[in-house]
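As structure tokens, the structure follows; a few thoughts come after it.
Just so it is clear, the structure is predicted and the values come from calculations on it, not from any experiment. Below, chain A is the first sequence line, B the second, and so on; all start at residue 1.
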There are 2 protein chains.
Amino acid sequence: MTPNVTMQDVARAAGVHTGTVSRALNEATRDRVSADTLRRIDKAVRDLGYVPNPIARSLRTATSNTVGVVIPDLTNPLFPPMIRGIQSVLDSRGFSPLIVSTDYDPQREAAAISALLARQVDGLIVATARLNDPTFERLADQGTRIVMINRRLGGRDLDSVTADDETGMGLVISHLAELGHERILCLAGPQDTSTGVARLRGFRSAVESHGLDRDQKLIRICESWTTEQGAIQLTSALDENIPFTAVVAATDLIALGCYDAMAERGLSCPADLSVAGYNDMPLMDRLAPPLTSVAVPQFDIGREGARLFLAGMDDSDRLPRTILLPVSLSIRGSTAPPV
Amino acid sequence: MTPNVTMQDVARAAGVHTGTVSRALNEATRDRVSADTLRRIDKAVRDLGYVPNPIARSLRTATSNTVGVVIPDLTNPLFPPMIRGIQSVLDSRGFSPLIVSTDYDPQREAAAISALLARQVDGLIVATARLNDPTFERLADQGTRIVMINRRLGGRDLDSVTADDETGMGLVISHLAELGHERILCLAGPQDTSTGVARLRGFRSAVESHGLDRDQKLIRICESWTTEQGAIQLTSALDENIPFTAVVAATDLIALGCYDAMAERGLSCPADLSVAGYNDMPLMDRLAPPLTSVAVPQFDIGREGARLFLAGMDDSDRLPRTILLPVSLSIRGSTAPPV
DNA sequence: TTGAAAGCGCTAACAC
DNA sequence: GTGTTAGCGCTTTCAA
């Protein structure tokens, strides 16, 4: 690889000892070195093309300047912008993200987390929280720095950054109510996640406050956040002949499944049924028809999550913070007045 | 964090020395330890919940079981599936990818690569190659293991996995020719990349072999692989009043730009103009209209790239291999006979 | 087959 | 302000 020039070499070239070189190269201790020595060391570093070995540093300091980023699925367009947000903050502080994809599988998640901890990450930014999973609280108790993004835990809250799901759902329902819809089908997400629960709660309270039909049959829980589940649930709702004129999905992928189910039945959107999604992922504005959706600030979620993480690094006993980011409604062609 | 149990602790518990523990825990040297000792060590490991510290291991062995993955843009839907492919292979061998996003910026790329090398990655899987960039050849000469995916280098070829771009472009042109198009506009990609060049070459030779119009004005080079460039280039082609009935874009994003430019002019696709993309990214089948595109095996590109990487790890002086993966054409609503 | 010992490159007490 | 010293946790000669 690189011709390994070590701190020893620099020390020799500058005529000082490695301890001094270390001090000179460290932001925090740099001022404890005389200006002249500093100059000689800097020159030696440049001349030799010295680049510090972070492995050795990590071994000594037991910190790795590395943070594990736990994502359910990299190919879900929701997450890449969050990762970008995370990287934008981490880069500026010399931290590197170690990204793992868990495929929504608790087993894989556990394995991935063990691997990350073994690699001595300085903490975790986690987008896969489930409500009744003690894993992260336990880790936090053991001193692992953890920030939840996208979803929160059930019990004691750790640092978290999520979008305001209840409000978001309220925006959709207001919009549909204004269009004149009275019976709205809700395809809720898995209820073992904070987003699944919060969006459903938002649906319920908005339906109530707008005086819409509160028929329990208008609520169906998807088993997963997938297109397939969206199609299955809408199909079976249609099969049951429950009347409704609009459907709001807990996520854009579920809404895509609605498109599929409707296509299969020869139904057209929004003529036969209005459809709204959630998250406003990239490309949702280009679908046929363009999807009305709640826009969540994906990049910002990542960015704020990383900031929270760094803040925690700087001050270990801060109280956990819960950040709720604002959402907005992107109104498009998939929603229209009922016929 | 974790109550740090070290190899020392295991050695003590098993009544042996650390050297023996090390041998026992290493696949390659495990058979040089007696069955009895092995048992005691394994028991101690379990009892104490010992997990090896890869940092210390890396410092000693100068390998990190880590590979840098250099991606231009994580939010480009083309890349996440490749990363999945990479992870699927790396996981099984205990390697971790270190993913960096360069934003198509050579400066950021250089910085990212330095950081990766400093972190002692065992090599690089690179999706950002440019034709006349000596960086990677130089690194390879210095002994860094490198696999190019998605794009290749210009000169001496390193290990690489790409899709068969010339053939792919041929498929599109054949399709359009069969529909009856004779003047096809090509929005080629940047010519400093192998994909940009190969797809344009494929266009030229297919146009020739089908006896279509070879007007040089029907070829325009985009400055970047972006929606914006697609819109700009199509708009200016339309402004110049060059006649054409179809446009083939070097990439789906460029094709999306064509959709935008056409919308702005009130043109409709495919009635006024057929449009074809390249890569067949996720969701392209759901656009309005669904985009005809060349499907490249994104996951497989990543997977084969990672395999090549591991093969190189196992046998340092293999000859570089160039893998060309087959493509197929996804015919959809954006292409139709000219009117 | 196992033990002893050295050292990967760095940081951090502690002296001076 | 700088040198000295002692490791961080592991692997790998070399002997026994």
Inset, instruction - Just call it for B/V16: base, sugar-phosphate, or nothing, with non-hydrogen atoms closer than 4.0 Å on any strand. - result: sugar-phosphate
Inset, instruction - Give one of base, sugar-phosphate or nothing for A/T37, where a contact means two heavy atoms less than 4.0 Å apart. - result: sugar-phosphate
What's the closest nucleotide to the [X] side chain, out of [options]?
{"X": "A/R23", "options": "C/dC10, D/dC10, C/dA13", "result": "C/dA13"}
{"X": "A/P52", "options": "C/dC8, D/dT2, C/dC10", "result": "C/dC10"}
{"X": "A/T61", "options": "C/dC10, C/dT11, C/dT1", "result": "C/dT11"}
{"X": "A/T20", "options": "C/dC10, D/dT2, D/dG9", "result": "D/dT2"}
{"X": "A/M7", "options": "C/dT11, C/dC8, C/dG3", "result": "C/dT11"}
{"X": "A/R57", "options": "C/dT2, C/dC8, C/dC10", "result": "C/dC10"}

Spacing of [X] atom [atom1] relative to [N] atom [atom2], expressed in whole Å:
{"X": "A/N26", "N": "C/dA12", "atom1": "CG", "atom2": "P", "result": "7 Å"}
{"X": "B/N65", "N": "D/dC10", "atom1": "CG", "atom2": "C1'", "result": "14 Å"}
{"X": "B/R12", "N": "C/dG3", "atom1": "CZ", "atom2": "P", "result": "14 Å"}
{"X": "A/D31", "N": "D/dG1", "atom1": "CG", "atom2": "C1'", "result": "11 Å"}
{"X": "B/Q8", "N": "C/dG3", "atom1": "CD", "atom2": "P", "result": "12 Å"}
{"X": "A/I55", "N": "D/dC10", "atom1": "CD1", "atom2": "C1'", "result": "12 Å"}
{"X": "B/L59", "N": "D/dG7", "atom1": "CG", "atom2": "P", "result": "17 Å"}
{"X": "B/E27", "N": "D/dT11", "atom1": "CD", "atom2": "C1'", "result": "16 Å"}

Look at the side-chain N and O atoms of [X] and state whether any lies under 4.0 Å from the OP1 or OP2 oxygen of [N].
{"X": "B/S22", "N": "D/dT11", "value": "yes"}
{"X": "B/N53", "N": "D/dC8", "value": "no"}
{"X": "A/S58", "N": "D/dC8", "value": "no"}

Inset, instruction - Tell me which of A/T29 and B/G19 sits closer to the 5' end of DNA chain C, going by the nucleotide each one is nearest to. - result: B/G19
Legend entry - Along DNA chain C (nearest heavy atom to each residue), the more 5'-positioned of A/L25 and B/R60: B/R60
Legend entry - Residues B/T63 and B/T61: side-chain donor-acceptor under 3.5 angstrom: yes
Inset, instruction - Please determine, by modelled atom types, if B/D133 and B/T135 share a side-chain donor-acceptor pair under 3.5 angstrom. - result: yes
Inset, instruction - Specify the residue among A/T18 and A/R32 whose closest nucleotide of DNA chain D lies further upstream toward the 5′ end. - result: A/R32
Legend entry - Matching residue for B/V21 among B/D9, B/T6, B/V10 - test: side chain to side chain contact (heavy atoms under 4.5 Å, CB included): B/V10
Legend entry - Exercise: identify the closest heavy-atom pair between B/F309 and B/R145: O-CD, 3.7 Å
Legend entry - Distance-minimising heavy-atom pair for B/A129 and B/F136: CA-CE1, 4.5 Å
Inset, instruction - Given side-chain hydrogen bond (donor to acceptor under 3.5 Å, both in side chains), test B/T322 with B/R152 step by step and report yes or no. - result: CA-CA 9 Å; B/T322 299; B/R152 265 179 285 165; 5.2 Å; no
